[in-house]
Amino acid sequence: MPAKLRSITEPLLKWYDRHHRTLPWRSPPGEPRADPYRVWLSEIMLQQTTVAAVKPKFEAFLARWPSVEALAAAQDADLMAAWAGLGYYARARNLIACARVVTAAGAFPETEEGLRALPGVGAYTAAAVAAIAFGEQATVVDANVARVAARLFAIETPLPAGMAAIREVVAEITPADRPGDFAQAMMDLGSAVCTPRAPACLACPLSAACVGYASGAPETYPTKLAKAAKPQRYGTIFWLEDRGAVLLVRRPPKGLLGGMRALPTGPWAAEPPGLANAPEAAEWRMLDGTVVHVFTHFRLELALAVGTAQRHSNAGEWWPIADLDSAGLPTVFAKAAAACRRAR
DNA sequence: TAGACGTGGTC
DNA sequence: TGACCAAGTCT
């Protein structure tokens, strides 16, 4: 084993044996394999999502759908509703598609290449599942690993272009023995020690090998390109009520909040759209105030229009207002619904 | 390659 | 308060 590799993997894995987090989808350190269903489900949920947000969702999914076969048999609407609040809803659509592919095939693919072909499984997730569930020496690079590696080797190329150099060095230091523990150790280290703002270098098992630490300014790595400003958009939410129920619709299957239940809404545009695309002719009353919600790529300010239906239209589902929590609304609509219920 | 795609927590 | 950030993927 090359000295460079040993000087990193040995202290890292020793640190992991002592300081690893215990998480519901994890096997203890030293286990060469783990349950692929749990590993896959957790990795999908963890994409761009914090451990704290994932833990209760993971437990709920595992209790309700204890195997990939059970998940494959779920109703789409039930799964989408169960995912509500986690965000990035394409993950939920791909999750059920993936479960059905795996169930039809009889088992998860056991190689990085095979996993990569599954819906919703990209370069990171394929490598993570291959390493953690199947013990493959795959190169696992998420935001934590990228940050640790960029500091360890003082990689100057800004992200995302710098990812190529990062992948190279991570491939060099990934051991054949315990590749899954190595990946999770890098992630735990990035989460607890090699943090974005104020890394705890004095507590780091890799500080002796770290070029970024030696430079005196490890927190400057990885460098990143400036982001574009978020545009402002405006919309109107329609709260149409009849005999204790409110009208909900299903969003189109793709795009923003695709496939999710929602309150009716007009366009989300650069100017307030007023009552455009109101669900039916009704006496709309505008509530005071607005609901603000910030998405990844724009900021949205919603006006709230409330009306009473003359008759039940069949343009959507009439949902009992007292039971709205079980509708599985994305957070932006849950916020708007709460504001309407308070103020109407 | 760059933009679409959610949400909640932190400082 | 707002900008940054999180176990990314798809097109």
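Since the model is a prediction, treat every value here as computed from it, not as a measurement. Order of the sequence lines fixes the chain letters, A, B, ..., with proteins taken first and strands second; residue numbering starts at 1 for each chain.
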**Message:** Any side-chain N or O of A:Tyr89 below 4.0 angstrom from OP1/OP2 of B:dT7?
**Reply:** yes
Tabulate below the donor-acceptor pairs under 3.5 Å that side-chain atoms of residues 44-54 of chain A make, not counting sequence neighbours, or state none.
| residue | atom | partner | partner atom | Å |
| --- | --- | --- | --- | --- |
| A:Gln47 | NE2 | A:Thr125 | OG1 | 3.0 |
| A:Thr49 | OG1 | A:Met45 | O | 3.3 |
| A:Thr49 | OG1 | A:Gln47 | O | 2.8 |
| A:Thr49 | OG1 | A:Arg91 | NH1 | 3.1 |
| A:Thr49 | OG1 | A:Arg91 | NH2 | 3.3 |
| A:Thr50 | OG1 | A:Ala53 | N | 3.3 |

**Prompt:** Please give, in whole Å, the distance from C:dA6 P to A:Asp142 CG?
**Reply:** 9 Å
**Asked** A:Val51 or A:Pro119: which one's nearest nucleotide on DNA chain C is closer to the 5' end?
**Response** A:Val51
**Request:** Using heavy atoms to find the nearest nucleotide of DNA chain B for A:Ala52 and A:Arg233 separately, return the residue whose nucleotide is more 5′.
**Result:** A:Arg233
**Prompt:** Looking for any heavy atom pair under 4.0 Å, which part of the strands does A:Val140 touch: base, sugar-phosphate only, or nothing?
**Reply:** nothing
**Prompt:** According to a strict under-4.0 Å criterion, is A:Arg93 in side-chain N/O contact with OP1 or OP2 of C:dC10?
**Reply:** no
**Prompt:** Nearest-Å distance, CD1 (A:Ile166) to C1' (C:dG8)?
**Reply:** 15 Å
**Request:** Give a yes/no on whether any side-chain N or O of A:Arg116 is located under 4.0 angstrom from OP1 or OP2 of C:dC10.
**Result:** yes
**Asked** Between A:Lys335 and A:His293, do the side chains contain an N or O donor and an N or O acceptor separated by less than 3.5 Å?
**Response** yes
**Prompt:** Hey, does the side chain of A:Gln47 come within less than 4.0 Å of C:dG8's phosphate (OP1/OP2), counting only N and O?
**Reply:** no
**Short side-chain N/O contact from A:Thr331 to OP1 or OP2 of B:dT7, under 4.0 Å** = yes
**Prompt:** From the list C:dT9, C:dA6, B:dG6, which nucleotide is the closest neighbour of the side chain of A:Tyr124?
**Reply:** C:dT9
**Request:** Name the nucleic acid region contacted by A:Gly258, choosing base, sugar-phosphate or nothing; use a 4.0 angstrom heavy-atom cut-off, strictly under.
**Result:** nothing
**Charged N-O contact under 4.0 Å between A:Arg344 and A:Glu241** = yes
**Item:** Listed nucleotide nearest any side-chain atom of A:Asn94, set C:dG8, C:dC10, B:dA4
**Value:** C:dC10
**Item:** d(NZ, A:Lys230; P, C:dG2) in whole Å
**Value:** 12 Å
**Message:** By nearest atom, which of the nucleotides B:dT7, C:dC5, B:dC5 is closest to the A:Pro196 side chain?
**Reply:** C:dC5
**Prompt:** Quick one: on DNA chain C, does A:Met187 or A:Val121 contact a more 5' nucleotide (nearest heavy atom)?
**Reply:** A:Met187
**Message:** Please tell me if A:His293 has a side-chain N or O lying less than 4.0 Å from either OP1 or OP2 of B:dG6.
**Reply:** no
**Asked** Do the side chain of A:Thr49 and the base of B:dG6 come within less than 3.5 angstrom through a donor-acceptor pair of N or O atoms?
**Response** yes
**Request:** Under 4.0 Å between any heavy atoms, over every strand shown, what does A:Ala228 touch: base, sugar-phosphate, or nothing? Just pick one.
**Result:** nothing
**Message:** Regarding A:Arg299, tell me which of base, sugar-phosphate or nothing describes its non-hydrogen contacts under 4.0 Å with the strands shown.
**Reply:** nothing
**Request:** Assign A:Leu23 to base, sugar-phosphate, or nothing according to its heavy-atom contacts below 4.0 angstrom with the strands shown.
**Result:** base
**Prompt:** Reckon A:Ser42 touches a base, only the sugar-phosphate, or nothing at all at heavy-atom distances under 4.0 Å?
**Reply:** nothing
**Integer-rounded Å distance: B:dC5 P and A:Met80 CE** = 14 Å
**Prompt:** Checking only heavy atoms, does the side chain of A:Thr50 share a donor-acceptor pair with the base of B:dG8 at less than 3.5 Å?
**Reply:** no
**Asked** C:dC4 and B:dG3: how far apart are their P atoms, nearest whole angstrom?
**Response** 16 Å
**Message:** Does this structure show an ion pair linking A:Arg64 with A:Glu59, if we count only N-O contacts that are shorter than 4.0 Å?
**Reply:** no
**Asked** Charged N to carboxylate O under 4.0 angstrom, A:Arg26 versus A:Asp35?
**Response** no
**Message:** In this structure, how many angstroms lie between the P atom of B:dT7 and the CG atom of A:Leu46, rounded?
**Reply:** 17 Å
**Message:** What contact category does A:Trp25 fall into here, base, sugar-phosphate, or nothing, at under 4.0 angstrom with non-hydrogen atoms?
**Reply:** base
**Message:** In this structure, how many angstroms lie between the P atom of C:dT9 and the CE atom of A:Met163, rounded?
**Reply:** 10 Å
**Asked** Which part of the nucleic acid does A:Leu86 contact within heavy-atom distance under 4.0 Å: base, sugar-phosphate only, or nothing?
**Response** base
**Message:** Just to be sure I understand the rule, does A:Gly85 reach a base, reach only the sugar-phosphate, or reach nothing, if contact means heavy atoms closer than 4.0 Å?
**Reply:** sugar-phosphate
**Request:** Scan A:Ala128 against the nucleic acid and name what it touches under 4.0 Å (heavy atoms): base, sugar-phosphate only, or nothing.
**Result:** nothing
**Asked** In whole angstrom, what separates A:Phe298's CZ from B:dG3's C1'?
**Response** 13 Å
**Request:** Side chain of A:Lys224 only, please: which of C:dC5, B:dG6, C:dG8 is the nearest?
**Result:** C:dC5
Under 3.5 Å, which donor-acceptor pairs do the side chains of residues 126-137 of chain A form with other protein atoms, sequence neighbours left out?
| residue | atom | partner | partner atom | Å |
| --- | --- | --- | --- | --- |
| A:Glu136 | OE1 | A:Glu112 | N | 3.0 |
| A:Gln137 | NE2 | A:Thr174 | O | 3.0 |

**Message:** Is the positively charged end of A:Arg233 above the ring of A:Phe298, judged by distance under 6.0 angstrom from the centroid and angle within 45° of the axis?
**Reply:** yes
**Asked** In whole Å, what is the span from the NZ atom of A:Lys55 to the C1' atom of C:dA6?
**Response** 15 Å
**Request:** Assign A:Pro160 to base, sugar-phosphate, or nothing according to its heavy-atom contacts below 4.0 angstrom with the strands shown.
**Result:** nothing
**A:Arg251 to A:Trp268, cation-pi by 6.0 Å centre distance and 45° axis angle** = yes
**Request:** Report the nucleotide, chosen from B:dT7, B:dT10, B:dA4, that has the shortest atom-to-atom distance to any side-chain atom of A:Arg197.
**Result:** B:dT10
**Request:** Please determine if a side-chain N or O atom of A:His297 lies less than 4.0 Å away from the OP1 or OP2 oxygen of B:dG3.
**Result:** no
